[in-house]
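The structure appears below as structure tokens.
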Protein chains: 2
Amino acid sequence: MNIQPLFDYIKPLMDLTAEEEALLASKVTYRKYLKGQYVVQQGDICKYECFVISGCTKTFYLDTEGQEHVIMFAIENWWTADMGSFISQTPADYNVQCLENTELILFSYENLELLYKKIPKLERLFRQIVERAFVASQKRIVRNFSLSAKDRYLYFKNQYPQIEERIPQYLVASFLGITKEFLSKIKSQLATEN
Amino acid sequence: MNIQPLFDYIKPLMDLTAEEEALLASKVTYRKYLKGQYVVQQGDICKYECFVISGCTKTFYLDTEGQEHVIMFAIENWWTADMGSFISQTPADYNVQCLENTELILFSYENLELLYKKIPKLERLFRQIVERAFVASQKRIVRNFSLSAKDRYLYFKNQYPQIEERIPQYLVASFLGITKEFLSKIKSQLATEN
DNA sequence: ACATCATGTTAAACTAGATTAACATCATTT
DNA sequence: AAATGATGTTAATCTAGTTTAACATGATGT
């Protein structure tokens, strides 16, 4: 159990005393998942907000034809969950599955509420974290409208080279909202351009 | 100055004492805008988080060709701002402009921080508000990927009939990420279907 | 070494939505 | 009542991205 990366992540955002860190550590769960395991399943209630210590997850949903659509990836120092399901404790719309062996820190709904009570400044911390997530989400909406598939791919490649390297191309295509065949075409175009 | 709708909005989410309400009221600004006026301009620093008392705003950006792209609308009881600009006090990517004469409650950065200090549970309130906004934003990303233009229009029409009624169709088209001509085609298709 | 499954490529035919441009309607001002 | 400007419509042509299907590569296990 190595929770230190979480504290390293929090440090620049907010100072916690040793006692606060200890309390936090006592109210979260460290868990290892194997490649392929599900952290959240569509239809279940999302029980945890998850901080990624190591590994990689994808969040996706299955449409009415059973097609998979990737919404996001999460790697070291990112958060993942179905937040809609978590905050209202209603069935999840999305699945979160591990693409590699993955270590997570799990915040259960009850323990997170308890932590908010005992360490009120965590409300501030999580407010700030969600604010950033919201801003990033809105920017992604704008990119999806205003960039071509090629430019969306180039943006992804530049912003998240660590992700592109470690996941199959058809999942990148799904994340970008295009077919794997079209991504393949884009990449061969880019290759001949240079 | 009528700030009551803000308290009515907060009430189901959090109890505030009379003193807390009074403090809050003393630290926000009520302001009337005329149709066409800008609340935030691209490039300026977004000074306020805004709660809409009455009227209607659009949030949009201008691309490199000067084309306008609508990101969101806000009506009574909604929040608006360029949150990315507000939280980091950096130049705004977006414009917020009034589509009608509009009354807003403005939370300045400094006063909001002061309110967080004096009424810490507001951190919780705003955390919850932003969580919902984030969830809605993610759902919109999913809809944009998985629904056709026609179905996105039908969703918008069902979810926000009050908005569709009061704004020009070319702004709806921009919000949906399609051209006004194509929206016109969709509407005439739907009309003949029934 | 070979078999299998997951992943990636190529190319042809197709479609959702964009673009352009001409015209229509409606409200407001003069 | 005519003129203007803002909004909406129609239709032809065009293009970004999809679909389908056949083939290629590469990793893993036996």
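Below, read A as the first sequence line, B as the second, and so on, with proteins coming before strands; counting in each chain starts at 1. No hydrogens, no waters, no symmetry mates; every other heavy atom, side chains included, goes into these values.
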Taking only the side-chain heavy atoms of A/Thr179 (C-beta and beyond), determine which of D/dT7, D/dT10, D/dT18 contains the nearest atom. D/dT18
Calculate the interatomic distance between A/Leu183 atom CG and C/dT9 atom C1'; express it in whole Å. 11 Å
Rounded to the nearest angstrom, tell me the gap between atom CG in B/Leu147 and atom P in C/dA16. 15 Å
Considering heavy-atom distances to DNA chain D, does B/Lys187 or A/Ser148 have its closest nucleotide positioned more toward the 5' end? B/Lys187
Does a side-chain N or O of B/Arg152 approach OP1 or OP2 of C/dA16 to a distance below 4.0 Å, or not? no
For the side chain of A/Gln169, starting at C-beta, report the closest nucleotide among D/dT18, C/dG8, C/dA11. C/dG8
Within this structure, what is the CG-to-C1' distance between B/Leu176 and C/dA18, rounded to whole angstrom? 15 Å
Would you give the length of the straight line joining atom OH of A/Tyr38 to atom CG of A/Asp44, rounded to the nearest 0.5 angstrom? 11.5 Å
Regarding A/Phe182, tell me which of base, sugar-phosphate or nothing describes its non-hydrogen contacts under 4.0 Å with the strands shown. base
Exactly one of B/Asp93, B/Asp82, B/Asn95 should register a side chain to side chain donor-acceptor pair (under 3.5 Å) with B/Gln42. Which one does? B/Asn95
Nearest-neighbour nucleotide for the B/Glu181 side chain, D/dT10, C/dA18, D/dT19 considered: D/dT10
A/Phe145 CZ - C/dA18 P separation (whole Å): 10 Å
Rounded interatomic separation in angstrom, taking CG from A/Leu171 and P from C/dG8: 8 Å
Can you tell me the pairing partner of D/dT30 across any strand shown, Watson-Crick or G-U wobble, with both distances under 3.5 angstrom? C/dA1
Whether the A/Tyr9 and A/Trp78 side chains hold a donor-acceptor pair (N or O, under 3.5 Å, no angle test) is what I'd like checked. no
Over-ring placement of A/Arg127 relative to B/Tyr116, 6.0 Å and 45° cut-offs: yes
Answer yes or no on whether B/Lys185 is positioned over the face of B/Phe182, meaning its NZ or CZ is under 6.0 Å from the six-membered ring centre and within 45° of the axis. no
Using a cut-off of 4.0 Å on non-hydrogen atoms, how would the nucleic acid contact of A/Lys185 be classed: base, sugar-phosphate, or nothing? base
Side chain of B/Tyr170, heavy atoms from C-beta onward: which of D/dG17, D/dT7, C/dT10 has the nearest atom to it? D/dT7
Tell me: CD1 of B/Ile186 to P of D/dT10, nearest whole Å? 14 Å
Which nucleotide, C/dG8, D/dG17, C/dG17, lies nearest any side-chain atom of A/Pro168? C/dG8
Without decimals, in angstroms, what is the distance between B/Lys180 NZ and D/dA6 P? 13 Å
Nucleotide C/dT9, atom P - distance to CG of A/Leu190 in whole Å: 12 Å
